[in-house]
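A quick write-up on the structure given underneath.
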Amino acid sequence: MISVVLADDQALIRTAVSELVSHEEGFTVVGEASNGREAVDVVRATRPDIVLMDIRMPVMDGLQATEAICADPLLAGTRIVILTTFEDDEYVLRALQAGASGFLGKGTEADALMSAIRTVHDGEALLSPKATRALIDRYLSPSEPAARPVPDELALLTEREREILLLVGSGLSNGEIAAGLVISPQTAKTHVNRMMSKLGAHDRAQLVIIAYESGLLVPGRA
């Protein structure tokens, strides 16, 4: 059973999403919150598998709440999917840096939302096509400063781990990486987990950010 907490300041949205999730086999809604502070408190009390988090909320916004949840070692098993009407590059980047594992628009179809929850629950990162485009455009923008120097942590990666980091940054799943490198999915997963540990990344989404921000991966050259 995948447990879910809903955080949105609009009661109508919470009700609609709660109905959708609750009626899906294998899912249960264990809490709701109308602002970021409530979201943090509810998550600490229920320790859900997934949080569907809005961005613009009173008291504490969704990005601050995401950061607080992801920074709590007791909540390491909780994954956050941002569900918002705002899919611009700044929000996408800040959400991923805060520790979110997914970023979806509120216009997402019901089936796609449930599939996204399953994907993130399985340890993958997920961005809507619009959010992905916004993120790539940001790194391709000539107004952006040059990529930062490669962080020292990347020196800790083996040649194989760097190769896999590039593939993760390109959006490939563990299964796709395994097929491309002719290794088992479990071996691919082990490499990804080791990279997250070495780089201090909360999940695959942050590995993507590291790959881009370090200059290891350049959009259009993957």
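Just so it is clear, the structure is predicted and the values come from calculations on it, not from any experiment.
For the atom pair CD1 (I210) and CE (M196), the distance works out to 10.5 Å, reported to the nearest 0.5 Å. The structure places OG of S34 at 9.5 Å from CG of D8, a figure rounded to the nearest 0.5 Å. One finds the OG1 atom of T108 at 6.5 Å from the CG atom of L83 (value rounded to the nearest 0.5 Å). Atom CD1 of I80 and atom CE of M53 lie 4.5 Å apart (nearest 0.5 Å). Here L20 contributes atom CG and I117 contributes atom CD1; the two are 7.5 Å apart, rounded to the nearest 0.5 Å. Note that NE2 of H191 is 11.5 Å distant from CG of L157, once rounded to the nearest 0.5 Å.
Residue R194 comes nearest to E161 through the heavy atom pair CB-OE2, 3.8 Å, listed as atom of the first residue, atom of the second, then distance. In this structure, I82 and A95 approach most closely via the heavy-atom pair CG1-CB, 3.8 Å. In plain terms, the two heavy atoms of I177 and A188 that are nearest each other are CG2-CB, 4.2 Å. In terms of heavy-atom proximity, V30 sits nearest to T46 at O-CG2, 3.6 Å. When all heavy atoms are compared, the tightest approach of S22 to V29 is OG-CG2, 3.5 Å. In this structure, C70 and G99 approach most closely via the heavy-atom pair SG-O, 3.5 Å.
Annotation: salt bridge (Lys or Arg N to Asp or Glu O under 4.0 Å) contacts of R118 (sequence neighbours excluded): E24. Contacts of E19 classified as salt bridge (Lys or Arg N to Asp or Glu O under 4.0 Å), with partners at least two apart in sequence or in another chain: none. For D49, the side-chain contact (heavy atoms from CB on, under 4.5 Å) criterion is met by I2, S3, H121, not counting sequence neighbours. Every residue meeting the side-chain contact (heavy atoms from CB on, under 4.5 Å) condition with R56, not counting sequence neighbours, appears here in chain and number order: F86, Y91.
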Next on the checklist: Using the rule given for side-chain contact (heavy atoms from CB on, under 4.5 Å), can you reason through R79 versus V51, listing the C-alpha separation, both sets of side-chain angles and the distance that settles it, and then say yes or no?
Outcome noted: CA-CA 6 Å; R79 294 289 178 263; V51 182; over 6 Å; no
Next on the checklist: For a side-chain contact (heavy atoms from CB on, under 4.5 Å) check, start with the C-alpha distance between T78 and I50, then their side-chain angles and the critical distance, and finish with the verdict.
Outcome noted: CA-CA 6 Å; T78 295; I50 300 291; over 6 Å; no
Checklist entry - Would D54 and I13 count as a side-chain contact (heavy atoms from CB on, under 4.5 Å) if you check the C-alpha gap in whole Å, the side-chain angles of each, and the deciding distance to 0.1 Å? => result CA-CA 10 Å; D54 189 20; I13 295 293; over 6 Å; no
Next on the checklist: Using side chain to side chain donor-acceptor pair (under 3.5 Å), reason through T187 and S184 one step at a time and then give a plain yes or no.
Outcome noted: CA-CA 5 Å; T187 298; S184 72; 2.8 Å; yes
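Among D72, L74, V5, the single residue meeting the side chain to side chain contact (heavy atoms under 4.5 Å, CB included) criterion with V43 is V5.
Sorted by first and then second residue, the salt bridge (Lys or Arg N to Asp or Glu O under 4.0 Å) pairs involving residues 32-41 (not counting sequence neighbours) are R14-E32.
Between L181 and L167 the shortest side-chain heavy-atom distance falls below 4.5 Å. Side-chain contact between L6 and S18: present, with at least one pair of heavy atoms (C-beta onward) separated by less than 4.5 Å. Looking at heavy atoms from C-beta onward, V192 lies in side-chain contact with L207 at the 4.5 angstrom threshold. Between T28 and V4, the closest side-chain pair of non-hydrogen atoms is not below 4.5 Å.
Classification of E163 and R160 as a salt-bridged pair holds, one side-chain N sitting under 4.0 Å from a carboxylate O.
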Using atom types as modelled, flag every donor-acceptor pair under 3.5 Å from a side chain in residues 60-68 to any protein atom, sequence neighbours excluded.
from	atom 1	to	atom 2	distance (Å)
D61	OD1	L63	N	3.0
D61	OD1	Q64	N	2.8
Q64	OE1	D61	N	3.1
T66	OG1	G62	O	2.7

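A donor-acceptor pair is defined here as one N or O able to donate and one able to accept, closer than 3.5 Å; no such pair exists between the side chain of S115 and the backbone of D111. Here the side chain of K198 pairs a donor or acceptor atom with the backbone of L156 at under 3.5 angstrom.
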